[in-house]
Structure formats: C-alpha cells, structure tokens
Amino acid sequence: MNDAVLVTGGAGFIGSHTVAALRAAGRRVVVLDDFSTGRRENLSEWTDDPQVEVVEGDVRGEVGLLLAGHGPFAAVVHLAAQTSVVRSIAAPIDDLDVNLRATTRLALWAAAAGVRRFVFASSAAVYGEPRRVPVAESEPTTPLSPYGAAKRAAELYLGCLGPLHGLSTVCLRLFNVYGPRQDPKSPYSGVVAMFLARARAGEPLTIFGDGQQTRDLIYVGDVARAICLAAGAGSKGMSSGTRPRGHPSRRGSTSAPDARCRSSSWRRRCSGPAG
C-alpha cells in the first residue's frame with residue numbers, strides 16, 4: 001500500500017504547494033484543514049484525484065478519530081498554525097493551544113500511529129531581533145512574541161519527544177515565503193505579493209522608510225521541495241536523506257541542505273512592510 005503523507009493546513013498557501021510537490025513525487029496525500037484560513041479552491045486541481053483526500057477538521061481536535069480510515073501514514077507535515085503575531089499578543093493562550101499544545105498532541109498521535117517522520121513548520125520569529133544578518137541557524141533564539149515563543153517551544157518539545165517515542169522529527173524555520181496563491185490582501189502577505197498586486201492594478205508601490213531595508217525571501221516552490229525532502233518524500237521511496245532533529249546521524253545518510261532547519265532563502269534589497 002502507498003502509505004500517505006498527512007499535510008495539516010494543506011489548503012493554505014504553503015500547504016497547497018506542498019500537496020502539489022508530494023503528488024509530483026508520486027505520494028498519496030491526506031489533507032487536514034479546518035478552512036479557517038485555507039481555501040478549498042487551492043485544492044481544486046485534485047478534486048478528482050483519488051490519491052488526494054481532504055478531511056475537514058481542527059488540528060486541536062481528536063486527530064485519531066478525524067483520520068480514521070485514511071492511513072497508514074509514512075510522514076506528517078505539520079503546517080497548520082495560528083500565524084498572526086498581533087493575535088498571539090492579544091490572545092496568547094489561544095496561540096499556545098494551536099502552536100504548541102496541538103503540535104505536541106499531533107506528534108504523540110503520530111508516534112503511536114507508527115509514523116516515521118514528522119516535519120514541523122517553525123518560523124524565523126524564533127530569533128527575535130538577530131544580532132547578525134544574514135541569520136545563521138546557530139543564532140541565539142530570543143523570540144519577541146508569544147507566536148515566536150510557541151514555535152521555539154514546539155521545536156524543543158519535538159526534539160525531546162522524538163527520541164523518547166521513536167519519531168524522527170525535522171523543524172524548518174521558514175522566513176518570508178512568496179509565490180502564487182499568496183493573498184496580497186492579507187496583512188501578513190509578503191512584500192512581493194503586495195507589490196505585484198499594486199503593479200497589476202496600475203497603482204504606485206508604497207515604500208516605507210528610506211528604501212534601504214532588506215528582507216529574506218524564498219519562493220514557495222522551493223519551500224515545498226524542502227518540505228518534501230525533509231519528509232523523505234522526494235521520491236516514491238521513503239528514504240531518509242536528512243538528519244532528523246534530535247537523532248544521531250545514521251550511517252549512509254546524506255544531509256540535504258534544502259531540508260535543513262536553515263532557510264534556503266536568498267537576499268534581495270526591497271522595501272515596505274515585513275513579509
């Protein structure tokens with residue numbers, strides 16, 4: 001049987017591109033999304049694809065019941081999250097429930113269900129205000145918001161739970177992601193989407209400050225590829241090509257730079273609101 005890859009938040013911007021990359025690699029995909037921010041039209045390409053199953057549900061719920069009959073699962077890609085920094089400050093308990101507690105429960109369920117790899121979408125917010133730019137993976141983590149703190153705490157939990165429960169875990173710290181299906185109307189949309197939307201409308205580009213600001217930007221297709229490599233789903237076999245977080249290097253494995261916790265981002269000078 002073709003063991004599935006579970007993608008939480010699979011109807012979202014990054015999630016839907018991850019589904020596309022997994023299908024291109026021949027993987028069976030199960031999407032779990034509550035559609036609070038994800039869009040059904042992002043998955044319309046696979047409406048008639050029997051290898052893509054969509055389950056509507058909250059990641060904070062009883063995942064085992066929601067996913068009954070949809071497994072077995074070879075890997076979990078956990079993208080579902082509360083992504084608003086502002087909301088995390090206004091409602092830190094809600095942020096904690098989604099970004100830490102739900103992540104922990106999902107990881108424990110995955111281990112009990114025999115899942116081999118758990119990929120977690122962390123964030124550059126774990127660094128806070130970095131001392132040096134570009135930011136190295138080894139930079140101290142000093143988050144400045146409950147959102148960043150919950151993401152860092154989830155990394156630590158996964159690093160602890162993985163070895164304890166035999167679950168291979170990988171945490172990817174994503175920076176500013178841009179590309180198709182990104183909503184330019186969202187206050188959390190990247191500057192690229194905002195600039196393109198204004199350019200298409202014939203409107204001037206809004207620039208803040210002196211125009212000398214810089215941003216780390218990474219194309220969503222590259223992120224999806226990195227996620228697939230981290231999940232061991234870069235080919236039809238579930239071979240491990242990365243070193244799992246919290247586990248020693250296995251003999252014969254090779255590291256895949258695109259799937260490490262360090263962002264494979266590129267530097268470009270731009271201006272405007274942070275992506």
Side-chain angles (χ1 to χ4, degrees), residues 4-22 27 29-43 46 52-68 70-71 73-85 87-88 91-111 113 115 117-126 145-155 157-158 161 167 169-174 177 181-183 186 188-189 220 223-224 226-228 230-231 233:
V5 177
L6 172 65
V7 182
T8 70
F13 165 47
I14 297 174
S16 58
H17 284 276
T18 300
V19 172
L22 288 166
R27 305 303 307 176
V29 180
V30 176
V31 171
L32 176 62
D33 203 301
D34 65 359
F35 296 98
S36 58
T37 57
R39 298 178 175 182
R40 293 184 185 278
E41 54 264 36
N42 287 346
L43 300 173
W46 304 283
V52 176
E53 303 169 39
V54 179
V55 178
E56 183 171 357
D58 193 324
V59 73
R60 292 171 293 183
E62 293 294 333
V63 175
L65 294 178
L66 289 170
L67 298 175
H70 293 280
F73 297 97
V76 170
V77 174
H78 183 36
L79 302 176
Q82 190 297 110
T83 60
S84 168
V85 171
R87 184 177 175 186
S88 79
I93 300 301
D94 291 343
D95 182 84
L96 181 74
D97 283 342
V98 178
N99 290 340
L100 179 57
R101 288 175 178 161
T103 299
T104 302
R105 286 195 295 266
L106 184 66
L108 290 172
W109 165 82
V115 173
R117 177 65 60 87
F118 189 100
V119 180
F120 172 63
S122 186
S123 168
V126 303
S145 66
Y147 169 76
K151 286 289 189 178
R152 180 63 182 125
E155 290 182 354
Y157 265 80
L158 292 173
L161 293 174
L167 179 66
T169 65
V170 180
C171 300
L172 304 179
R173 291 173 181 165
L174 306 182
V177 184
R181 296 197 285 272
Q182 188 172 34
D183 182 5
S186 168
Y188 305 103
S189 185
V220 67
V223 171
I227 290 171
C228 286

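Note that the structure is a prediction, hence the values are computed from the model and not measured. Just so you know, these numbers use all the heavy atoms, side chains as well, and skip hydrogens, waters and symmetry mates.
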- Item | Close side-chain approach of Thr18 to Val5, heavy-atom, < 4.5 Å | no

- Which pair of non-hydrogen atoms, one from Gly10 and one from Val19, has the smallest distance, and what is that distance? O-CG2, 3.9 Å

- Message: Within the 4.5 Å heavy-atom criterion, are Val52 and Leu43 side-chain neighbours or not?
- Response: no

- Item | Check against side-chain contact (heavy atoms from CB on, under 4.5 Å), Trp109 and Leu67 | CA-CA 11 Å; Trp109 165 82; Leu67 298 175; 3.7 Å; yes

- Task: Begin from the C-alpha positions of Val98 and Asp94 and carry the test side-chain contact (heavy atoms from CB on, under 4.5 Å) through to its verdict.
- Result: CA-CA 7 Å; Val98 178; Asp94 291 343; 5.9 Å; no

- Item | Heavy-atom donor-acceptor pair, Thr8 side chain to Ala80 backbone, under 3.5 Å | yes

- Item | Side-chain donor/acceptor of Asn42 to backbone N/O of Ala11, under 3.5 Å | yes

- Residues in side-chain hydrogen bond (donor to acceptor under 3.5 Å, both in side chains) contact with Glu62, at least two apart in sequence or another chain: none

- Query: Tell me, do Val54 and Phe35 make a side-chain contact under 4.5 Å, heavy atoms counted?
  - Reply: yes

- Task: For the pair Glu155 (side chain) and Arg173 (backbone), establish whether a donor and an acceptor sit closer than 3.5 Å, ignoring hydrogens and angles.
- Result: no

- Look at the side chain of Arg101 and the backbone N and O of Leu96, then say whether any donor-acceptor pair between them is shorter than 3.5 Å. no

- Item | Considering all heavy atoms, the nearest Ala121-Leu174 contact | CB-CD1, 4.2 Å

- Task: For the residue pair Leu161 and Phe118, establish whether any side-chain heavy-atom pair is separated by less than 4.5 Å.
- Result: no

- Task: Determine whether His70 and Leu32 make a side-chain contact, defined as any pair of heavy atoms from C-beta on separated by less than 4.5 Å.
- Result: no

- Check: Phe120 and Lys151 side chains under 4.5 Å, non-hydrogen atoms: yes

- For Pro146 and Ser88 the tightest heavy-atom approach is CG-O, 3.3 Å

- Message: Is the shortest side-chain heavy-atom distance between Arg60 and Arg105 below 4.5 Å?
- Response: yes

- Query: Looking at side-chain heavy atoms only, is the closest gap between Leu79 and Ile227 below 4.5 Å?
  - Reply: yes

- Task: Might you work through the side-chain contact (heavy atoms from CB on, under 4.5 Å) test for Val223 and His17, ending with a clear yes or no?
- Result: CA-CA 9 Å; Val223 171; His17 284 276; over 6 Å; no

- Task: Identify the heavy atoms of Thr103 and Asn99 that sit nearest to each other, and give their distance.
- Result: OG1-O, 3.1 Å

- What pair of heavy atoms forms the shortest contact from Thr83 to Tyr147, and how long is it? CA-CE1, 3.8 Å

